[in-house]
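See below for the structure under consideration.
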Number of protein chains: 2
Amino acid sequence: MTEPVDDEGKIPRPESASPGSRHPTAPEAEKTTTQAVTSPTSAPAKRNAFTELMAPKPKAPISQAPQSMASKASQIVRGVWRGALIEYIEHPERFPDKVLRVTPNTVLIKDAFPKATIHLLLLPRSPAHYLLHPHSAFADPAFLAMMREEAAVGAQLAAAELARKLGPSSASNRARDEAMGKGGVPFDELPAGRDYAAEIRVGTHAHPSMAHLHVHIISRDMHSERARHKKHYNSFVTPFFVPLADYPLVEDDVRRETGFQNGNLKKELVCWRCGQNFGARFAELKKHLEVEFEAWRAE
Amino acid sequence: MTEPVDDEGKIPRPESASPGSRHPTAPEAEKTTTQAVTSPTSAPAKRNAFTELMAPKPKAPISQAPQSMASKASQIVRGVWRGALIEYIEHPERFPDKVLRVTPNTVLIKDAFPKATIHLLLLPRSPAHYLLHPHSAFADPAFLAMMREEAAVGAQLAAAELARKLGPSSASNRARDEAMGKGGVPFDELPAGRDYAAEIRVGTHAHPSMAHLHVHIISRDMHSERARHKKHYNSFVTPFFVPLADYPLVEDDVRRETGFQNGNLKKELVCWRCGQNFGARFAELKKHLEVEFEAWRAE
DNA sequence: TATTCCGATAGTGAC
DNA sequence: GTCACTATCGGAATGAG
Ligand SMILES: Nc1ncnc2c1ncn2[C@@H]1O[C@H](COP(=O)(O)O)[C@@H](O)[C@H]1O
Ligand SMILES: Nc1ncnc2c1ncn2[C@@H]1O[C@H](COP(=O)(O)O)[C@@H](O)[C@H]1O
Ligand SMILES: [Zn+2]
Ligand SMILES: [Zn+2]
């Protein structure tokens with residue numbers, strides 16, 4: 001009963017860690033595979049379609065945690081809930097329903113408890129980085145650049161899937177379709193279809209709970225049965241959510257301060273779309289988000 | 001189901017207001033009657049044992065509410081919960097199990113929802129005063145003096161009853177009894193018995209809910225099934241409780257400030273006896289108060 | 001800063 | 001992080017001869 005009810009595939013559970021999976025080293029090949037976010041006919045990815053990431057280039061890591069320590073920490077979190085994401089990193093082929101894309105550097109998955117219509121996680125596979133705090137990990141420019149590149153791909157996938165889910169309701173798309181139907185309108189002058197990518201946000205939580213570094217790729221609607229309490233909501237609509245574009249954070253960025261972030265999570269509930277304040281009345285916010293969702297999807 | 005389960009007598013209910021009780025004037029005699037707080041053999045007071053209070057001396061009332069307004073307010077609050085105490089004032093004879101003492105100026109009753117082992121209320125009978133806020137009413141020196149005198153009597157009754165309830169457990173009393181038993185000890189040199197009056201506190205709530213002026217006469221233990229939430233507790237152990245001895249309050253006394261008093265009611269729970277902080281964990285405080293009560297009663 | 005009922009919210013432990 | 005359980009908190013009603 002600990003698995004989500006609204007999705008089809010299995011997710012890693014603490015006791016599922018296999019004894020043979022303890023040495024995430026020695027990659028043999030590099031290959032990238034991408035699947036549609038939801039493809040009714042897509043066959044599960046074959047096991048040999050995945051490979052592992054070589055340890056990062058010997059350029060001096062900025063992290064405070066040397067790889068030996070990271071390995072030790074990796075052992076510590078393995079098998080407990082905080083370490084559940086390692087399974088996607090080391091064994092993406094085991095979760096064909098969850099894994100959208102695998103590269104030597106990253107795994108892109110569907111969040112098992114999505115807090116919005118689209119909610120993906122981008123996981124780096126480098127053991128030298130994947131146990132670092134995001135603020136530390138993204139102080140490494142090369143690593144940050146790599147993650148930004150992959151996050152952009154993920155955001156495009158997310159936007160495409162959002163379009164698929166919302167498309168028929170979109171007013172801007174309807175306008176475009178009508179114009180196209182009339183014919184005779186130069187392509188450049190067609191009304192633009194809806195910019196779904198603009199509805200996708202990419203970033204981290206200032207204080208992640210899951211041990212392995214992950215970047216949230218999430219639609220902004222916060223319309224999900226899995227968004228169940230204030231902390232869920234505020235972790236995405238307040239500065240607790242740190243856009244990937246804002247990295248690296250300057251040394252005195254207020255978002256590094258624990259007190260500031262605890263305050264963000266306890267803030268009163270404010271509609272992300274219209275700014276209405278619901279105080280602590282989460283149920284009322286949820287009802288309101290239903291209405292906002294319908295308006296937003298029809299934009 | 002709206003009446004307390006832990007006491008025997010009936011209490012006023014809104015619908016019990018009788019049509020003939022609307023003119024609390026024209027006293028015919030002055031008589032004072034006092035009953036033991038609990039006297040197993042005491043017969044209910046006879047109806048004619050009670051009389052009503054003459055309107056106060058024509059000396060200028062300090063109140064902002066002239067008697068005509070007070071009368072109107074009296075009409076307004078009659079019949080709703082905020083006005084329930086008027087029944088004791090006008091018809092003390094109807095509540096023989098609740099009324100302990102009746103004078104021309106006051107009625108002393110047992111609180112129907114006692115927040116401690118002993119919890120009495122002293123009610124003034126003067127319509128010119130009984131709807132005033134305590135801070136206003138006790139700006140009248142003569143009225144304050146009268147109430148202090150009666151409160152002192154009430155506190156003595158409360159102390160006596162507390163002695164009756166706790167006496168057998170008291171270490172100081174045991175010491176005194178032993179010394180007396182030995183004989184030959186001059187009366188002056190006997191160990192003092194426990195000073196129960198010192199365990200009784202007398203004062204008001206800074207923002208009363210019951211409309212008619214009342215002074216709480218309460219033992220300090222806060223050991224009662226009826227003390228059920230933070231507001232109950234903090235209204236007696238923080239500066240929200242204003243000792244009668246502190247009146248009249250100076251104009252800029254912080255205790256007049258609503259914000260200050262709201263803060264007091266929301267304060268974290270702190271044991272009145274040992275200072276231990278229980279945060280918001282009321283159930284734990286209650287458990288702790290059980291232990292403290294046994295230690296306190298054995299002092 | 002009345003009591004009572006009741007549902008929403010918040011905090012806790014998870015072997 | 002989720003889940004299940006419980007405690008705490010917060011609003012509404014309280015009346016109707
Ligand atoms: N077993 C899992 N598989 C996939 N996603 C998960 C799993 N457990 C938790 N999550 C998600 O991981 C994210 C961790 O959030 P955070 O650590 O606050 O950045 C949340 O959005 C969870 O819904
Ligand atoms: N019907 C009643 N009869 C006697 N005491 C009452 C009644 N209703 C409330 N009380 C008490 O009156 C007090 C009013 O407290 P407050 O207005 O806060 O000073 C509380 O201690 C209540 O327990
Ligand atoms: Zn809104
Ligand atoms: Zn204590």
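Note that the structure is predicted; figures quoted are calculated from it, not measured. Naming convention: chains lettered A, B, ... in sequence-line order (proteins, then strands); numbering from 1 in each chain.
Atom CZ in B:Arg281 sits about 10 Å away from atom C1' in C:dG11, given to the nearest Å. In this structure, the NZ atom of B:Lys230 is 11 Å from the P atom of C:dG11, given to the nearest Å. Distance, A:Lys231 NZ to C:dT9 P: 16 Å, rounded to whole Å. Rounded to whole Å, atom P of C:dT9 lies 12 Å from atom CZ of A:Phe278. Between B:Phe282 atom CZ and C:dT12 atom P the separation is 18 Å, expressed in whole Å. Across the protein-nucleic acid pair, B:Lys266 atom NZ and C:dA10 atom P stand 13 Å apart, rounded to whole Å. Straight-line distance from the CZ atom of B:Arg228 to the C1' atom of C:dC5: 12 Å, rounded to whole Å.
Set against D:dT8, D:dG1, C:dA2, the side chain of B:Ala280 has D:dT8 as its closest nucleotide.
With respect to the salt-bridge test (charged N to carboxylate O, under 4.0 angstrom), the residues A:Glu90 and A:Arg78 qualify.
The P atoms of C:dC15 and D:dA4 are separated by 13 Å, rounded to the nearest whole Å.
Here C:dG13 sits opposite D:dC3 as a Watson-Crick or G-U wobble pair (both hydrogen-bonding atom distances under 3.5 Å).
Mapping B:Glu284 and A:Ser235 onto DNA chain D via the closest heavy atom, the residue that lands nearer the 5' end is A:Ser235.
The aromatic ring of A:Phe113 does not sit over the base of D:dG1, since the test of centres under 5.5 Å and planes under 30° is not met.
B:His135 and B:Tyr247 are linked by a side-chain donor-acceptor pair at a separation below 3.5 angstrom, with hydrogens and angles left out of the test.
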